[in-house]
Amino acid sequence: MSSIVVYNTQSRRKEPFVTIEPGKVRMYVCGVTPYDSAHIGHGMSLIVFDVIRRYLTHRGYEVRHIQNFTDIDDKIINRANQEGIAADDLTEGLISAWHEESAALNVLPATAYPRATREIGPIIEMIEGLIASGHAYPVDGDVYFRVRAFPGYGKLSNRNVDDLRAGARIEVDERKDDPLDFALWKAAKPGEPSWPSPWGAGRPGWHIECSAMSSTYLDGQVDIHGGGGDLIFPHHENEIAQSEAYLGAEPFARYWVHNGLVRSGGEKMSKSLGNFVRINAILERGLGPAFRLMILQSQYRVPLTYSEDGLLAAERGLDRLRTAAAPAAAGLDEAPPDAGLCQLASTVDHRFHEAMDDDFTAPVAVAALFDLGTAINRARGEGKAAAAIEPARLKLVELAEVLGLDLTPAAGVAGGGDAPFIDLLVRVRSELRTAKQWQLSDLIRDELSNLEIELEDTPAGSNWTRRTT
RNA sequence: GGCGCCAUAGCCAAGCGGUAAGGCACGGGUUUGCAAAACCCUGAUCGGCGGUUCGAAUCCGCCUGGCGCCUCCA
């Protein structure tokens, strides 16, 4: 079906993509702990895995895409207390905002969005299994995973347990058998949200929910398990330990896929550093598509350097692609397809798939799209018939869509309550131009420009757009 | 201290042994009533020093400068 290769964090090399079930992909992507609004680091992860999912689907795979919400943990409890609301209300609001923003970024909905708090049953079942097999032990209402009972511990993040022990800066909990052991279940403190369990009221630890949910929703082992690079250790390492110990099978995930982290001002962008930009701040300016293009223009595993200039640069590039992808204003005429353009479209199609097959190297695929766009614009400039260009144009739109890049004109072009007045001014100006009243027509253009409205005169008439800033 | 990653034109960024993709910006031009958009032209020998090779941005070593993980984090 394909010759796709995927970089696997665990082996640190690209491997041929072979799924558990032929033609089907089980993909689990670690979502968020909703205690604050989403920033563009989350946006990058969202888009990276959306592109992977879209491409695999395009390649004929049936993709089951699960994304979770870890909707109970210390940060959530703390934040809810600060705001004087219930943890549930906090997470509910943030999750619905997440869905809205995700949709606005043109991210396809996942197959399912399980939440930790709604999967307590499977989580408890898994913990019981781990205790029964000697991989975990209860202490005073807590349950810990016995790291040294799992020989493969450290294989994902390439660490050995003795180095970890030496470097451990964690405050040592004397009740644990070993400082490395981590919590599967935490006993509830007074006033905390809790669920009944064989060990008393409590809540799941951080890592167990993903192990339980991925197995529950994807039938045990998975093909792709993804997330940001900052999840490799300890989160995913611990997931492997729990899941493989519980399932008695390996690998838990065939391909560990991690996106590079967004950097801002030379540092990782994160909530804890406070140097983040919210996704919403980008969406409000209509720059969602530009943001996606910016992400596509760098390889997903490499840290992304984010800057305002970079975002605007992507917006300008996107505009050029949109110009190329725009349907002929006057409709299609009679003309045979242009041979040269068709040939280029075919070459671009090939380059596109070759690049994406090779570990989803979108920057190269996008470069091919730009070449096609330039050729289309050139052909139009040379006066070629719209029908002659149409096949190439359709190819451009088709391939952009595979990447989730929407090339329809920028949102808000004709929107806004002032649109009728702007239309009127533009019409008056057209009359003035017909009468060669250039001083007045230029005045209107300049004044509109001061109001962030840009005019563009074409043989077919004048168009206006709102400037993105 | 342990484990990794990165350093390519003004900025972003591909490249994975065979002679530097693409985007943005700048400058020149075509087009335009003038603009805008679009198109054309213009720019780098790849952090430094050694080594391997017929041949290296690509492999090895050292150096310098960044970054990530080891603690919550997409």
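Chain A is the first sequence line, chain B the second, and so forth, proteins listed ahead of strands; every chain is numbered from 1. Just so you know, these numbers use all the heavy atoms, side chains as well, and skip hydrogens, waters and symmetry mates.
- Across the P atoms, B:rG51 and B:rC70 are found 41 Å apart, a figure rounded to whole Å.
- Look at the C1' atom in both B:rG33 and B:rG27: the space between them is 25 Å, to the nearest Å.
- Within 4.0 Å of A:G31, counting heavy atoms only, lie sugar-phosphate atoms of the nucleic acid but no base atom.
- Taking side-chain N and O atoms only, A:N259 has no distance below 4.0 Å to OP1 or OP2 of B:rA74.
- Of all the residues in residues 39-53 of chain A, A:H39, A:G41, A:H42, A:S45 reach under 4.0 Å from RNA chain B with at least one non-hydrogen atom.
- Within the nucleic acid shown, A:A367 comes within 4.0 Å of at least one base atom, counting heavy atoms only.
- Rounded to a whole angstrom, the distance from the P atom of B:rU19 to that of B:rA57 is 11 Å.
- Remark: the A:R53 side chain and the A:H65 side chain contain an N/O donor-acceptor pair separated by less than 3.5 Å.
- At the heavy-atom level, A:I232 lies nowhere under 4.0 Å from the strands shown.
- Side chains of A:T70 and A:N68: a donor-acceptor N/O pair is present below 3.5 angstrom, by distance only.
- Residue A:M294 is out of contact with every strand shown, counting any heavy-atom pair closer than 4.0 Å.
- Comparing B:rU71 with B:rC63, their P atoms sit 28 Å apart, to the nearest whole Å.
- Contacts of A:G227 with the nucleic acid, taken as non-hydrogen atoms under 4.0 Å apart, involve only primed sugar atoms and P, OP1 or OP2.
- A donor-acceptor contact under 3.5 Å links the side chain of A:D442 to the base of B:rG33.
- If you check every strand for non-hydrogen atoms under 4.0 Å, A:R263 touches sugar and phosphate atoms only.
- Heavy atoms of A:S270 sit under 4.0 angstrom from at least one base atom.
- Annotation: B:rG22 and B:rU32 have their C1' atoms spaced 29 Å apart (nearest Å).
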Between the protein and nucleotides 36-40 of chain B, are there any N/O to N/O pairs under 3.5 Å, and if so, what are the atom names and distances?
unit_1: B:rA38; atom_1: O3'; unit_2: A:N377; atom_2: ND2; d: 3.2
unit_1: B:rC39; atom_1: OP1; unit_2: A:R320; atom_2: NH1; d: 3.1
unit_1: B:rC39; atom_1: OP1; unit_2: A:N377; atom_2: ND2; d: 3.3
unit_1: B:rC40; atom_1: OP1; unit_2: A:R378; atom_2: NE; d: 3.2
unit_1: B:rC40; atom_1: OP1; unit_2: A:R378; atom_2: NH2; d: 2.8

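- In this structure, A:L261 reaches the bases: a heavy-atom distance under 4.0 Å links it to at least one base atom across the strands shown.
- Rounded to whole Å, the distance from CD on A:Q299 to P on B:rA13 is 12 Å.
- Among the heavy atoms of the strands lying under 4.0 Å from A:V32 are primed sugar atoms or P, OP1, OP2 only; no base atom is included.
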When you compare the protein's N or O atoms with those of nucleotides 56-58 of chain B, which come within less than 3.5 Å of each other, and at what distance?
none

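- B:rC41 and B:rA56 have their C1' atoms separated by 31 Å, with the value rounded to a whole Å.
- Spacing between B:rC46 and B:rG10 at atom P, rounded to whole Å, works out to 13 Å.
- A close approach under 4.0 Å does not occur between any side-chain nitrogen or oxygen of A:K268 and OP1 or OP2 of B:rA74.
- Between A:W256 and A:H236, the angle of the ring planes lies from 30° to 60°, which puts this pair in the tilted group.
- With P as the reference atom, B:rC67 and B:rC59 are 23 Å apart, rounded to whole Å.
- The main-chain N or O of A:R445 is never found under 3.5 Å from a side-chain atom of A:S449 such that the two would form a donor-acceptor pair.
- Atom pair A:D163:CG and B:rC69:C1' shows a separation of 13 Å (rounding to whole Å applied).
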